[in-house]
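The structure under discussion appears below in the form of structure tokens.
As the structure is a prediction and not an experimental result, all values here were calculated from the model. Atoms within each ligand, like the ligands themselves, are counted from 1 in listed order. By convention here, the first residue in the shown sequence is residue 1.
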Amino acid sequence: MNILVIGGAGYIGSHVTRELLDRGHKVTVFDNLSSGLRRNLFSDAMFIHGDILRCEQLTAAMREGAMEAAVFLAAYKAVGESMIKPEKYSINNITGTVNLLNAASETGLKYIIFSSSAAVYGEPSYLPVDEKHPANPENYYGFTKLEIEKFLFWYDKLKGIRFASLRYFNAAGYDVRGRISGLEQNPANLLPVIMETACGKRKELEIFGNDYDTPDGTCIRDYIHVNDLAAAHALALDYISKNGKSLTVNLGSETGSSVLEVLETARRITGQPIPSRIAKRRPGDPAKLTASADLARSLLGWKTEHSDLDTLVRTSWEAYHQYEDCREAPHT
Ligand code: UD1
């Protein structure tokens, strides 16, 4: 299939692009390179330097490439920042998606795979969280993801554009075959922050609270390997194109790991001391969040292969360690 991967030079986007190429799709990456990196582009994919806020660029990319599907990964994702700068998240995440849907409708593009998030659920009222759990986002980032799901629903109904909304839990790790060489810029997520501390780019890891109601007092999350996530995108596209039906599914490993468990695993695997200190709780952090991925398993035949904590940490460390000094990792 001809597929436009919007945000394909980014962290998850580059892994998804590689997966789709490996499965024989014809992929064009569309990215404004604001956080995506040229080094994440592949020679067997086309590249368009374009912006989702420029409708005409999206429309031209879809029309010229006779695109049948788009994968949309060009969103901002820093939860804390979204509470301080909602405008940035409204414009990029929401307006960007509306532009995508309008371009799809104008050009006859049939399928959209959307990166949604567990953040749509908010504070969980039961665990593991399945897709029937009420959606009450606690941060503006999660709100944008939920609103976008509603747009997708309406464009499906009114325009017949089928979608797969993939509610990622905590994406982590790097390509198990070492094919992605760009590191995330200014990361705020736990594992990249730990990696930057391991290689001396940061002084210490701040652990956001150790007085939660969990066995070791730190928050528990469901970390899912980015190669497993990437495979789910390809399977979801197969599903919606074969069945002519949209779907919304969780993507998680169904395993909970605490901040301290991730840190201890990283200390063991990297052999680095990784200094840390206990800091204040981060507002809006639920104590524990784990997924039920039953629906993705049964509808898509998806299963995780790389999402154990050791593989998550090992592949991250390999990505950071490919540079003699990861403090100097290239920004392009
Ligand atoms: C959040 C979203 C998730 C989204 C992701 C994108 C929620 C519940 N989850 O994940 O859906 O895909 O952002 O960025 O909104 N931590 C530290 N120190 C740090 C960084 C993190 O202790 O320097 C802790 C956090 O408090 C948390 C855990 O590590 O307990 C994971 O944090 P993070 O990687 O930021 O992801 P979430 O906030 O869980």
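Counting heavy-atom neighbours within 6.0 Å of K201 NZ, excluding the residue itself, gives a total above 12.
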Just the distances, no angles: every ligand 1 N or O to protein N or O pair closer than 3.5 Å, one line each.
{"unit_1": "ligand 1", "atom_1": "10 (O)", "unit_2": "N170", "atom_2": "ND2", "d": "3.4"}
{"unit_1": "ligand 1", "atom_1": "11 (O)", "unit_2": "S117", "atom_2": "OG", "d": "2.5"}
{"unit_1": "ligand 1", "atom_1": "11 (O)", "unit_2": "A119", "atom_2": "N", "d": "3.3"}
{"unit_1": "ligand 1", "atom_1": "14 (O)", "unit_2": "K77", "atom_2": "O", "d": "2.9"}
{"unit_1": "ligand 1", "atom_1": "14 (O)", "unit_2": "N189", "atom_2": "ND2", "d": "2.9"}
{"unit_1": "ligand 1", "atom_1": "15 (O)", "unit_2": "N139", "atom_2": "ND2", "d": "3.4"}
{"unit_1": "ligand 1", "atom_1": "18 (N)", "unit_2": "E206", "atom_2": "O", "d": "2.7"}
{"unit_1": "ligand 1", "atom_1": "22 (O)", "unit_2": "E206", "atom_2": "O", "d": "3.4"}
{"unit_1": "ligand 1", "atom_1": "22 (O)", "unit_2": "F208", "atom_2": "N", "d": "3.0"}
{"unit_1": "ligand 1", "atom_1": "26 (O)", "unit_2": "D285", "atom_2": "OD2", "d": "2.5"}
{"unit_1": "ligand 1", "atom_1": "32 (O)", "unit_2": "R282", "atom_2": "NH2", "d": "3.4"}
{"unit_1": "ligand 1", "atom_1": "34 (O)", "unit_2": "N189", "atom_2": "ND2", "d": "3.1"}
{"unit_1": "ligand 1", "atom_1": "34 (O)", "unit_2": "L190", "atom_2": "N", "d": "2.8"}
{"unit_1": "ligand 1", "atom_1": "35 (O)", "unit_2": "N189", "atom_2": "ND2", "d": "3.4"}
{"unit_1": "ligand 1", "atom_1": "35 (O)", "unit_2": "R282", "atom_2": "NH1", "d": "3.1"}
{"unit_1": "ligand 1", "atom_1": "35 (O)", "unit_2": "R282", "atom_2": "NH2", "d": "3.1"}
{"unit_1": "ligand 1", "atom_1": "36 (O)", "unit_2": "N170", "atom_2": "ND2", "d": "3.0"}
{"unit_1": "ligand 1", "atom_1": "38 (O)", "unit_2": "R282", "atom_2": "NH2", "d": "2.6"}
{"unit_1": "ligand 1", "atom_1": "39 (O)", "unit_2": "N170", "atom_2": "ND2", "d": "2.9"}
{"unit_1": "ligand 1", "atom_1": "39 (O)", "unit_2": "R221", "atom_2": "NE", "d": "2.7"}

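Both the sub-6.0 Å distance and the 45° axial angle are not jointly satisfied by K245 relative to the ring of Y239.
A salt bridge links E149 and R167; the closest N-O separation between the charged side-chain nitrogens and carboxylate oxygens is under 4.0 Å.
In this structure, R39 has no salt bridge (Lys or Arg N to Asp or Glu O under 4.0 Å) partners at least two apart in sequence or on a different chain. Residues passing the side chain to side chain contact (heavy atoms under 4.5 Å, CB included) test with D310, sequence neighbours excluded: T265, R268, I269, D308.
Residue pairs meeting the disulfide bond (SG atoms under 2.5 Å apart) criterion with at least one member in residues 141-234, sequence neighbours excluded: C199-C326.
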